[in-house]
J.: 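Quick one: this structure, given as structure tokens, is what I'll be asking you about.
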Amino acid sequence: MSFDISPTAIAWCQQRFPGSTINYVVADLLAIHSQWYQAFDFVFECRNIQALPLNVRSWVISSVTSVLAPGGMLLMITRVRDTEAEPSVTPWPLSNSELAPFKDLGLYQVEELVFLESGQIDVKQVRIEYRDFEFNIIINLSFLIPN
């Protein structure tokens, strides 16, 4: 399942990939359907949060994490900044304090890969794999079980 707030974007995806088994849905990230709560084993968040104003980001992060099933994986790609100062140019890269709520909401950071956007040396990005905290407990407990 893939969703976007724009009916035009959804129609474009359906036209571009007519044979796809993906269900393209018009939906609002700030008003997630209740049946989606903890319903997805995998969530891919790619550069959406950075496009949103800073004053709604904590709400969006909470919404994104709420759809992740226990033990699920969130893969995130976003621009980042090294300062807490509010950026003046869009898209607005995320700061460390803006990434912190993912952990506060029960996700465990498995891996973080920093890379530079192709052709733009000064645009730092990250690919972060988060897992639901339940995944971390299961993995850690598996090391305690004798063979």
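No experiment lies behind these values; they were computed from the predicted model shown.
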J.: Would you say Phe40 and Val64 are hydrophobically clustered, going by side-chain heavy atoms of ILVMFWY under 4.5 Å?
T.: yes
J.: Are Leu99 and Met73 connected in the hydrophobic side-chain network, where two residues link if heavy atoms are under 4.5 Å apart?
T.: no
J.: I would like to know whether Val43 and Met76 meet side-chain contact (heavy atoms from CB on, under 4.5 Å); could you show each step before the answer?
T.: CA-CA 8 Å; Val43 174; Met76 178 178 184; over 6 Å; no
J.: Quick one: do Phe44 and Val60 end up in the same hydrophobic cluster if we chain Ile, Leu, Val, Met, Phe, Trp and Tyr together by side-chain heavy atoms under 4.5 Å apart?
T.: no
J.: Enter the distance from Trp92:CH2 to Ile49:CD1 here, rounded to the nearest 0.5 Å.
T.: 13.5 Å
J.: Starting at CD1 of Ile128, measure out to CG of Leu107 and round the result to the nearest 0.5 Å.
T.: 11.0 Å
J.: Restricting to salt bridge (Lys or Arg N to Asp or Glu O under 4.0 Å), what partner residues turn up for Glu112, sequence neighbours left out?
T.: none
J.: Is Leu94 linked to Trp59 within one hydrophobic cluster, defined over Ile, Leu, Val, Met, Phe, Trp and Tyr using a side-chain heavy-atom separation of less than 4.5 Å?
T.: yes
J.: Check whether any side-chain heavy atom of Ile5 sits under 4.5 Å from a side-chain heavy atom of Leu29, and report yes or no.
T.: no
J.: Flag yes if Phe115 and Val126 sit in one hydrophobic cluster, no otherwise; membership is Ile, Leu, Val, Met, Phe, Trp, Tyr, and two members link when side-chain heavy atoms are under 4.5 Å apart.
T.: no
J.: Would you say that Ser66 contacts Leu105 through its side chain, given a criterion of any heavy-atom pair below 4.5 Å between the two side chains?
T.: no
J.: Are the side chain of Ser62 and the backbone N or O of Ser58 linked by a donor-acceptor pair below 3.5 Å?
T.: no
J.: Rounded at 0.5 Å granularity, tell me how far OH in Tyr130 sits from CG in Leu68.
T.: 12.0 Å
J.: Return each pair, listed once, that meets side-chain hydrogen bond (donor to acceptor under 3.5 Å, both in side chains) where at least one residue sits in residues 28-57; pairs must be two or more places apart or across chains.
T.: Glu45-Asn48, Arg47-Gln125, Gln50-Thr78, Arg57-Glu98
J.: Thinking salt bridges, do Arg131 and Glu129 make one under a 4.0 Å N-O criterion?
T.: yes
J.: Gln109 versus Phe102: any side-chain heavy-atom pair under 4.5 Å?
T.: no
J.: Check Asp132 against Ala69 and note the closest heavy-atom contact, atom names and distance.
T.: CB-O, 3.9 Å
J.: Linking directly or through intermediates, with side-chain heavy atoms under 4.5 Å: list the remaining ILVMFWY members grouped with Ile10, chain and number order.
T.: Phe17, Ile22, Tyr24, Val26
